[in-house]
Number of protein chains: 4
Amino acid sequence: MKKKVRLGIIGAGRIGQIHATNVLQSPQAELVVVSDVYFDSEVQARLHSYGVETTDDYLTVLRREDVDAVLVCSSTDTHIDMISEAAANGKHVFCEKPVSLETAKTKMAIAKAEAQGIALQIGFNRRFDPNVQEAKAQLEQGRIGALHSLRIISRDPAPPPAEYVARSGGLFKDMAIHDLDMARYLTGKEVEEVYVRAACLVDPMFATHDDVDTATTVLTFTDGTFATIENSRRAVYGYDQRIELFGEKGMIQVGNQQESTVQISGEGHIESAKPQAFFLERYATSYRNELEQFLYAITFGGTVPCTGKDALVAEELADACRLSWKEKKPILFTARPNTSKG
Amino acid sequence: MKKKVRLGIIGAGRIGQIHATNVLQSPQAELVVVSDVYFDSEVQARLHSYGVETTDDYLTVLRREDVDAVLVCSSTDTHIDMISEAAANGKHVFCEKPVSLETAKTKMAIAKAEAQGIALQIGFNRRFDPNVQEAKAQLEQGRIGALHSLRIISRDPAPPPAEYVARSGGLFKDMAIHDLDMARYLTGKEVEEVYVRAACLVDPMFATHDDVDTATTVLTFTDGTFATIENSRRAVYGYDQRIELFGEKGMIQVGNQQESTVQISGEGHIESAKPQAFFLERYATSYRNELEQFLYAITFGGTVPCTGKDALVAEELADACRLSWKEKKPILFTARPNTSKG
Amino acid sequence: MKKKVRLGIIGAGRIGQIHATNVLQSPQAELVVVSDVYFDSEVQARLHSYGVETTDDYLTVLRREDVDAVLVCSSTDTHIDMISEAAANGKHVFCEKPVSLETAKTKMAIAKAEAQGIALQIGFNRRFDPNVQEAKAQLEQGRIGALHSLRIISRDPAPPPAEYVARSGGLFKDMAIHDLDMARYLTGKEVEEVYVRAACLVDPMFATHDDVDTATTVLTFTDGTFATIENSRRAVYGYDQRIELFGEKGMIQVGNQQESTVQISGEGHIESAKPQAFFLERYATSYRNELEQFLYAITFGGTVPCTGKDALVAEELADACRLSWKEKKPILFTARPNTSKG
Amino acid sequence: MKKKVRLGIIGAGRIGQIHATNVLQSPQAELVVVSDVYFDSEVQARLHSYGVETTDDYLTVLRREDVDAVLVCSSTDTHIDMISEAAANGKHVFCEKPVSLETAKTKMAIAKAEAQGIALQIGFNRRFDPNVQEAKAQLEQGRIGALHSLRIISRDPAPPPAEYVARSGGLFKDMAIHDLDMARYLTGKEVEEVYVRAACLVDPMFATHDDVDTATTVLTFTDGTFATIENSRRAVYGYDQRIELFGEKGMIQVGNQQESTVQISGEGHIESAKPQAFFLERYATSYRNELEQFLYAITFGGTVPCTGKDALVAEELADACRLSWKEKKPILFTARPNTSKG
């Protein structure tokens, strides 16, 4: 039996807690320590009950001898420091997306990780959704022949609070970035042009932060095929996460997961359950899977399934989207791995 | 080009009007005359505008030289006389179900039709539903291997008026008779035993007519497999007409046809449209198909697709169902074609 | 009772036959004469059996005293002449889309119809689909609040023959034109900008006619909201016709109509029926409805539900789409009714 | 914070492992020891890695001071001894269904548990399925008014091995018992009569064990309403677990959970995923919920949500079903809690 991977987690918010639970349930890993600047006392107590240490100093996490790898779940503006320090200390890193709000910094962090030979995996959790995996497998088995177009619907159930929006990097870098990554992941294609139409229709608050809440994006790939992405910060019926792959020999659709299988037929109509509320429910399995593959990669030395470079391209695409929105015109995308110095 | 079949219709109520419309649209038939004791003036005017004669005397319909066949759409208690007179005059007959409320009379009518060599087709319209046809074709092509069990859900949207109930012959002979016929038609099997549990749950009016409004029926076939039928006189969500065939290699389901394909996702749930309201909508195509096949049979001399004998067995099964309900015990069914003198 | 409208039909191809059948079944109309340059003998015989005259000279149709209105179902390049001649003879016109391949000519035809005071209705049949009508009604009743975005999927089951493509006016004017009209019809909004990405992915034949077979279109409306349209000349699974309206308080979806309600559960998966094959099946009811409303308008003098101006805007949008495809950039659309002299 | 419940598990087979995993992940419980006569070495190693002791002697589990309660997951024939010994040692018991194959013994075990004041919860896991819970909640809130009929479809994906069948107690006591319990649980009604038709259609092996593999059961409740249950030992398309509640004001349906939300539209038809394979996947959440409620009851002293008496009635119903099958007639059911001495 392989020795367990000893993990530290930085950031004990919503996403940090998800990862903590998954680590505690994993037979491959041991949760040694969790840091947070402002710990929720209940969360802290629960961690202690499992024998996990807690601290308010992330540096102690990154420098402990008995920690092999860290999960960076703190706010985006801290990621670069965390990755740099982790690299310096030879700790493998799993980092939530985006790596940073400035691609220059992201590049630097990737370079440091490479220089120190640590693994750097980025949390594009949707790649690990079993439904997405099934769709990708069917596509790669030629089930629908050559891919002609792709459509991604990605709508949140409700907007985040204003303070989150203020520091989020905006709809494209905070939210659409998942879909930009998904488009590359599913198709295996690179983007040549980005065209965006976006607006502030849900809440004027977004405009005050120079942001939008609704967007339609067209990606043109280098082979001349295209994808559309539709984003909204508020779908009152729940977390709307659908994908449609259309091709030569048919269509593959990934539907929403509903809250229950109960259906009620009444006098007016037939009712079925809404999509599951939000990412914690919808992507619960994805979070477990991405952790498992991270642990596998650092245990057996393989490549992580979602690299810093993937994060960088997604961030650059998000920048191009923003530019297209601002300038109201299509933006040629030359930052793609095959053409740029990356 | 074959000469058109010249048709008369007896009875210009709801079902008679359906048939009249279909005859008027058929290139194979010509509608000569329609009779009704109490004609709706608007219906009469519409018929006249198409050059169709009307009368209040059904005998003139049955005795006209220029009528090749008649569609009997009058009330059940008149069917026997109509068939007898039609047979005497050499007119082919399409008769609505049931033939009569007494199987002895039904047998007599069948005998007369046979003696005179006229075609006698019974209006078990559901046999002609394209969805049912598709299900039967799949079954017969071995798609689910040997059939293990069958389930039929058959619920009306709302109960008929008391005066109709009074003369209907009761739930089994008026309503479940369609499902009893469907069970034989789909499976090609004959029934050995009938077990019914029934109750008056929708409206006490039914009880005052010695009738029920809700029933569950188990049919055991001679090969030891079984079917269940669920009937209700009121499904508030619409006309519920579903079939489930379960077998060795899978399951075939026939679903409801919905009023529209529109789906609305709101704050509480996802809404889709109810099943189509009632038989006129749900089985519109079936009515056209049964007419077409009747016309084909009398034009080219083949067998009609639903015979007087089929009607007789269904009526006998309905009697057995009623007996099972009354006596609260399973009833051996010996009237089936293969065992009885029929 | 109102006198029946006496109709002539010009063109007895696929769509002309549909209209002929519907006229023959309508109590409001009488089909007097049908013209075609090359008549199919079976079609001609069938028309004769209903007492309909036939001719190979459309002028006789347009000049007959006993014809009140004509349905123009001949090839696109003849429409302008037909409308002009009909106007000169005071006949109301129902004309298939597009009116012409040159908007200048379309404007002229509209002007002539207006000058002569004849009704001119254009055959954007999808407007009359009961599912579309239900979606529009729900939208207008405020069911999803303010509309944020619209998506139209419109894919044909198989490409038309090369000779059809050669004279079709191209994907945008022949096929997407329905969707461009639908976007205006459903939303009640006018377009400000068009952006198209298109390619030849189904069959290189399209490229030889300077045409494409696959396209994604983004329409930006004057209020800053947007719509996307996805077209393909070949969806192997059938005629894919879906609509999604997303708004403040929810989502309205119009789904495909399937060939049957039969579902088969087998060892590998659950199978359900494909969408109905093509427009003749999918929009059968729409064709009946548009005829009925045309007859109503010319009988009672109201406005037709889909005007020449609607056709003109759709044609101008199709031109803008083509330009966007060719120039690979967004095209400002200034031809809209509210801004142009139209 | 409440002290954790210290648990022992007897039996480390498929179901015992499920419970072990859930206990290990529960913050309310501590897994102290697991016993099995023939331990799988990998299972044993995994338990040791979590600090859980293992033994081949169940008595040591039942007699340890540091065990508060036990989960009995051993074969049915051992349950009575386990419960008796647990009661004698004051340990609370969660026992898998059925308690025993002889109702006299089940009564005795219940009596012993009551005499010693220990909690006795039975593992009718489906009661705890969130979909079932939602359906029951809707029913109880009056969503469909008075309940008229109930239908339960319960089909296994594949038959168990012959040695399992030999000791299983037969289809009714081993498999249908879940559905018999479900009928009582959902409706809150007691059964008055049982009627069964059953056959050996899947595998003749069942007949050699005096058993059947296919059955249709009609339960008549004391209020005159009824339920049907359809069982099969083999549905090639997966674990078929559906419920339909029909009532005065509508219908509630509980559908299957599918393996994925992926749908593929191809040339022949549209494919969607099969139901989840079997009970471990389909009822994963139910197993967690029943454990949680057991822990809650023994911690805070409330009633367990599924009692020994519930098990007894279900076993008596299973006996009545078998009798009905054997004697081919309806069986009056007088063993129900309200009429029997129980």
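First the proteins, then the strands, lettered A, B, ... as listed; each starts at 1. Small disclaimer: the values here were computed from a predicted structure and weren't measured.
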Distance from I229(A) atom CD1 to T228(C) atom OG1, nearest 0.5 Å?
->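 Reported value, rounded in 0.5 Å steps: 12.0 Å.
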NE2 of H148(A) to OG1 of T214(C), rounded to nearest 0.5 Å, is 5.5 Å
Audit row: R151(A), T216(C), side chain to side chain contact (heavy atoms under 4.5 Å, CB included) steps and yes/no = CA-CA 10 Å; R151(A) 191 171 56 80; T216(C) 285; over 6 Å; no
Does E281(C) CD have over 12 foreign heavy atoms under 6.0 Å away?
-> yes
Please say whether more than 12 non-hydrogen atoms of neighbouring residues, nucleotides or ligands are located less than 6.0 Å from NZ in K326(A).
-> yes
Could R197(C) and Y195(A) be counted as a cation-pi pair, given that NZ or CZ must be under 6.0 Å from the ring centre and within 45° of the axis?
->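 No - R197(C) does not lie over the ring of Y195(A) by the 6.0 Å and 45° rule.
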Write down the atom of A199(C), the atom of G224(A), and the distance for their closest heavy-atom approach.
-> CB-O, 3.9 Å
For residues F246(A) and R234(C), report the shortest heavy-atom separation together with the two atoms involved.
->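 Closest approach of F246(A) to R234(C): CZ-O, 3.3 Å.
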Could you tell me which portion of A227(C) (side chain, backbone, both or neither) has an atom closer than 4.5 angstrom to a non-hydrogen atom of chain A?
->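 The answer is neither part of A227(C).
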Measuring heavy-atom distances to chain A, does A146(C) have an atom under 4.5 Å in its side chain, in its backbone, in both, or in neither?
->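 Neither part; nothing is under 4.5 Å.
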Using non-hydrogen atoms only, which part of I144(A) is less than 4.5 Å away from chain C: side chain, backbone, both, or neither?
-> neither
Does the side chain to side chain contact (heavy atoms under 4.5 Å, CB included) test come out yes or no for E230(A) and E244(C), once each step is laid out?
-> CA-CA 12 Å; E230(A) 299 196 34; E244(C) 196 167 303; 5.8 Å; no
Criterion side chain to side chain contact (heavy atoms under 4.5 Å, CB included) on M251(A) and D240(C), from CA distance to verdict | CA-CA 10 Å; M251(A) 175 168 63; D240(C) 196 354; 3.8 Å; yes
Output yes when K328(A) and E193(C) qualify as a salt bridge under the 4.0 Å nitrogen-oxygen rule, no when they do not.
->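 No, this pair does not count.
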